Amino acid sequence: MKTKYTFLFLLMILSISLFYNSNVQAQTRFGIQYNQLVPANEFPKFKKVKDSFIGRAFLRWDFSKLLMGEIGAGYGIYAGLDYHDDYYQTTIVPVDFRLELAFSKSEGTRPYIFAGVGGLYYKNQAEPRAFIEDFSKEVKKDGITGMAPLGLGLDIKLGPSVAFDLNAGVALTLTDDLNYYKWGSAKDAYYFIAAGFLFGGGPTDKDKDGLLNSDEEKLGTDPNNPDTDGDGLLDGQEVNSYRTNPKNPDTDADGLKDGAEVNQYKTDPLNKDTDGDGLLDGQEVNSTKTNPLDKDTDADGLTDGQEVNTTKTDPLNPDTDKDGLKDGEEVNTHKTDPLNEDTDNDGLKDGEEVTQYNTNPLQKDTDKGTVDDGKEVGRGTNPNDPNDDVVKVGVPIVLEGINFATGKADITPESEATLQKALKTLTTYPDIIVEISGHTDNVGSNSSNKKLSQRRADSVKKWLVDKGVDASRITAKGYGEDRPIAPNDTKENKFKNRRIEFVRIK
């Protein structure tokens, strides 16, 4: 007996293994059913229905919309009357595996046919009189045999997780001992009509993407693929959370997959320009390398889109032309060219003009004299003062600081600073010719004062020539006391009259 039950147990394990080792993700339901049996054997047909039944439990799963598998086990009675109206009864325990093929994909009502294989344990409990009369026949009282159920059925859905199942068919066996009687070569069998209920198998999400299979069918997504469009987001995430299109990897057509926008760049997969800078998110990530979440990546006062599309500046460099002004300052405030470091071509960078010299970066000669701003800065004159653009002809300039002791023509060390200014003027204006004039107070005779003033003018000329100025550009002349600039009535005024003047004569 132990061996017989072991066989049935192993058969059940095998059937379950076929289910769980299937490569198809199945929708599984549990069912119970009552089977009314009509024995098929040697005894008259009209006497075969008494007390025959099977109570059966089973698991059914869907391989697809049309193909189902089922494993089940039952317990029942195979009973009836023999030729003498004598009662026979056999306990049966069937275990089987079935394949079921539906005729419709509808989840509401599915008609199907089925065929299966299995095993049947049987044990006779009441011997018919016919066995006693024909005792010469060898009949086993109990045993295990093979069986094959065949038939058709109807699966009717009653609710999300409940269905009514009705089927009918025949179960063929490999034994002639079920009624404890043998006659001929035909094997015993039984017809059955079964009715029961299926539980479970409600709304399913086969690919675990957050969408029910029924919803995926409506949407047109693949119920076997959690990410139909391969964009890095589950179909359920796209539909329920982000409202993106699960059949389009780039819903907003910005050049980035929806998954990359959500998981990597944190951009809006429904907005092709998340930061509103005039560039598509995909352009920013793949081409310009700007930040799709920051409309002004380099913080220069221009949006990335303005820089790329309008000003043609570098959206990753706040000062494209490296002139010391941010691109936004140039465009919005100073109206200078952010691609040209010296917009007015005056020799000074736009940034130098604005921040250092306070000149106009749009005008090369800010003071409207005669010299460009850059040239003035280079030679040391003020680009905001037109009066120093040139040294005017005939206008004397007193070289203050060049003074002499009474009766002397020697240049003192204290005079060097003033002489350096005169030297710079002659160097700055290489085309001018000047007169260095010497003057005295009225102390002494006019004749001696003229000679003294000449020596003083000559001393200044010599100093300049010694510093590299062409002697032909300088005329030295002494005027003595003839051209005072103050009355010679006080010590201070006399000091003023002892002077050197610098006059452009050509």
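Hydrogens, waters and symmetry mates play no part in the numbers below; they use all other heavy atoms, side chains included. Small disclaimer: the values here were computed from a predicted structure and weren't measured.
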Between Arg110 and Tyr112, is NZ or CZ placed under 6.0 angstrom from the six-membered ring centre and within 45° of the ring axis?
no
If the plane angle is over 60° it's perpendicular, under 30° parallel, otherwise tilted; pick one for Phe97 and Trp61.
tilted
Heavy-atom side-chain proximity of Asp321 to Leu339 below 4.5 angstrom
no
Checking the side chain of Asp298 only, and the main-chain atoms of Asn317 only, is there a donor and an acceptor separated by less than 3.5 Å?
yes
Residue pair Glu481 / Asn442, side-chain donor-acceptor N/O under 3.5 Å
no
Give a yes or no on this: more than 12 heavy atoms of other residues, nucleotides or ligands lie within 6.0 Å of atom CD of Gln356.
yes
Hydrogens and angles aside, do Asp268 and Thr274 bring a side-chain donor and acceptor to less than 3.5 Å of each other?
no
Asp466 and Lys462: CA distance, side-chain angles, deciding distance, salt bridge (charged side-chain N to carboxylate O under 4.0 Å, His left out) verdict
CA-CA 6 Å; Asp466 289 344; Lys462 181 177 185 303; 3.0 Å; yes
For Leu362, the option from Asp350, Thr336, Asp346 that meets side-chain contact (heavy atoms from CB on, under 4.5 Å)
Thr336
For Asp296, is there any backbone N or O sitting under 3.5 Å from a side-chain donor or acceptor partner on Asp294?
yes
Main-chain N/O of Gly324 paired to Asp319 side chain as donor or acceptor, under 3.5 Å
yes
So do the side chains of Leu464 and Ile474 get within less than 4.5 Å of each other, counting heavy atoms only?
yes
Side chains of Val434 and Leu426, heavy atoms from C-beta outward: is any pair under 4.5 Å?
yes
If you measure only the distance, is there a donor-acceptor pair under 3.5 Å linking the side chains of Asn497 and Asn493?
no
Ignoring hydrogens and angles, state whether a donor on the side chain of Asn167 or Asp165 is under 3.5 Å from an acceptor on the partner side chain.
yes
Is the side chain of Asp250 donor-acceptor paired with the backbone N or O of Ala253 at a distance under 3.5 Å, no angle test?
yes
Is the shortest distance from a Lys or Arg side-chain nitrogen in Asp441 or Arg498 to a carboxylate oxygen in the other one below 4.0 Å?
yes
State whether the side chain of Thr251 and the backbone N or O of Asn245 hold a donor-acceptor pair below 3.5 Å, judged by distance alone.
yes
Looking at side-chain heavy atoms only, is the closest gap between Ile485 and Glu501 below 4.5 Å?
yes
Passes side chain to side chain donor-acceptor pair (under 3.5 Å), Gln454 versus Asp458? Steps please.
CA-CA 6 Å; Gln454 184 65 50; Asp458 289 338; 3.1 Å; yes
Judged by atom type as modelled, is there a donor-acceptor pair below 3.5 Å linking the side chain of Arg473 to the main-chain atoms of Val469?
no
Go through the side-chain N and O atoms of Ser104 and Ser106 and say whether any donor and acceptor fall under 3.5 Å apart.
no
Is it true that the side chains of Ser447 and Ser445 contain a donor and an acceptor less than 3.5 Å apart?
no
How about Asn360 and His334: do any of their side-chain heavy atoms sit closer than 4.5 Å?
no
Sequence-distant partners of Asp227, side-chain contact (heavy atoms from CB on, under 4.5 Å), two or more places apart:
Asn225, Asp229, Asp231, Asp235, Glu238
